[in-house]
Amino acid sequence: MARPLTLLLVRHGQSEWNAAGRMQGQTAHVPLTELGHAQAAGAARELAELRPGALVSSDLRRAVQTAEHCALATGLPVTTTPALREQGYGVLEGRPSRELWDVVDWTDPHWAAEGGESLAELHARVGAYLTQLCADPPAEVVALVTHGDTIRAAQAVAAGLGPDAMPAVTPPNGTVTALELVR
């Protein structure tokens, strides 16, 4: 039996839009705050102790900035992919999150904002990426720098759960979550 593939899921540090309470989704240009850089550096130190053999990041700026800290701490080059992006929220991106509680149907995994992506679509995207990663892993331990909803989708996929059963708790900014995938 093949050894499981270990994933170290790093949630990016606090971004300017996290701090401002704005919906980010796939908005590409949002940078980390000073606190976000400190969180990213802390996650990078933790990651280095876990000795990943490869480092892959979402191509969104806040994740890439976090991955740069991880690259410095581990000595690994960063590869980016859009497969690790956050769930897209389309026309809702940039709006204050508190305004969206009555707009978003958080209970329907097939609901999507105009121009956005449903939880079911996010789950399928992440599942396809993880299947590809398992088929041809760059290392036995792979660090993935990504986003909160993407981590929750990866956790559901690894547990064999659908998009309607994704974990409710999003890991905090600048944390590392270990996950094993059976190959």
Side-chain angles (χ1 to χ4, degrees), residues 5 7-20 22-33 35-37 39-44 47-48 52-95 97 112-113 115-139 141-158 163 166 170-177 179 181:
L5 175 63
L7 300 179
L8 303 172
L9 304 166
V10 180
R11 183 167 179 217
H12 63 80
Q14 180 192 65
S15 72
E16 289 181 359
W17 283 16
N18 286 138
R22 293 172 68 187
M23 179 65 77
Q24 294 177 107
Q26 294 186 2
T27 301
H29 66 276
V30 183
L32 296 180
T33 62
L35 172 60
H37 280 286
Q39 291 170 331
L47 189 67
L55 178 59
V56 184
S57 177
S58 158
D59 60 353
L60 301 178
R61 185 174 182 191
R62 58 197 184 269
V64 170
Q65 287 182 318
T66 300
E68 289 168 351
H69 286 278
C70 296
L72 284 172
T74 63
L76 295 169
V78 179
T79 303
T80 62
T81 177
L84 292 175
R85 287 181 180 174
E86 180 61 284
Q87 179 180 1
Y89 283 98
V91 298
L92 302 180
E93 292 181 15
R95 289 184 53 188
S97 297
E117 174 180 46
S118 69
L119 281 176
E121 291 167 322
L122 169 68
H123 185 277
R125 171 169 51 88
V126 171
Y129 178 74
L130 295 182
T131 297
Q132 173 190 354
L133 196 61
C134 280
D136 188 23
V141 179
V142 180
L144 302 178
V145 182
T146 188
H147 310 270
D149 289 342
T150 309
I151 292 171
R152 294 186 316 113
Q155 290 172 316
V157 168
M166 286 175 44
T170 301
N173 291 104
T175 57
V176 179
T177 302
L179 188 65
L181 293 178

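Here the structure is a predicted model, which means the values were calculated and not measured.
- Gly127 and Val157 make their closest contact through CA-CG2, 3.8 Å (heavy atoms, listed as atom of the first residue, atom of the second, distance).
- In this structure, the side chains of Val64 and Glu68 come closer than 4.5 Å at one or more pairs of heavy atoms.
- Annotation for Ala158 and Leu179: closest pair CB-CD1, 3.7 Å, computed over non-hydrogen atoms.
- Atom CG in Leu47 sits 10.5 Å away from atom CG in Leu9 (nearest 0.5 Å).
- For the pair Gly25 and Tyr89, the tightest heavy-atom approach, listed with the atom from each and the gap, is CA-CD1, 3.9 Å.
- Taking both residues in full, the closest heavy atoms of Leu5 and Ala139 are given as CD1-O, 3.2 Å, listed atom of the first, atom of the second, then distance.
- Proximity of a side-chain donor or acceptor of Arg62 to a complementary backbone N or O of His12 within less than 3.5 Å is not detected.
- Residues Gln24 and Asn18 form a side-chain contact, since some pair of their non-hydrogen atoms from C-beta on lies under 4.5 Å apart.
- Here the side chains of Gln39 and Leu32 are not in contact, with every heavy-atom distance at 4.5 Å or above.
- At least one donor-acceptor pair closer than 3.5 Å links the side chain of Gln26 to the backbone N or O of Glu86.
- Taken to the nearest 0.5 Å, the OG1 atom of Thr177 stands 11.0 Å off from the CG atom of Leu7.
- The distance from the OG1 atom of Thr79 to the CG atom of Asp59 is 12.0 Å, given to the nearest 0.5 Å.
- Under the 3.5 Å distance criterion, the side-chain polar atoms of Thr150 are matched with a main-chain donor or acceptor of Arg85.
- Using a 4.5 Å cut-off on side-chain heavy atoms (C-beta onward), Thr170 and Arg11 make contact.
- Counting all heavy atoms, side chain and backbone alike, Leu60 lies closest to Ala28 at CD2-CA, 3.7 Å.
- With Gln65 contributing its side chain and His37 its backbone, the two residues share no donor-acceptor pair below 3.5 Å.
- Here the options are Pro171, Ser15, Ser58, the test is side-chain contact (heavy atoms from CB on, under 4.5 Å), and the partner is His147; only Ser58 passes.
- Remark: side-chain polar atoms of Arg22 are paired, donor with acceptor, to backbone N or O of Gly94 under 3.5 angstrom.
- A salt bridge links Glu117 with Arg125: the closest approach of a Lys/Arg side-chain nitrogen to an acidic carboxylate oxygen falls below 4.0 angstrom.
- Between Ser57 and Val78, the closest heavy-atom pair is CB-CG1, 3.9 Å.
- Looking only at distances, no side-chain donor or acceptor of Thr81 sits under 3.5 Å from a matching main-chain atom of Leu84.
- The shortest side-chain heavy-atom distance between Leu35 and Asn173 does not fall under the 4.5 Å cut-off.
- At least one donor-acceptor pair under 3.5 Å links the side chain of Thr66 to the backbone N or O of Gly13.
- Judged by distance alone, the side chain of Gln87 and the main-chain N or O of Leu122 form no donor-acceptor pair under 3.5 Å.
- Atom CG in Leu133 sits 6.0 Å away from atom CG in Leu144 (nearest 0.5 Å).
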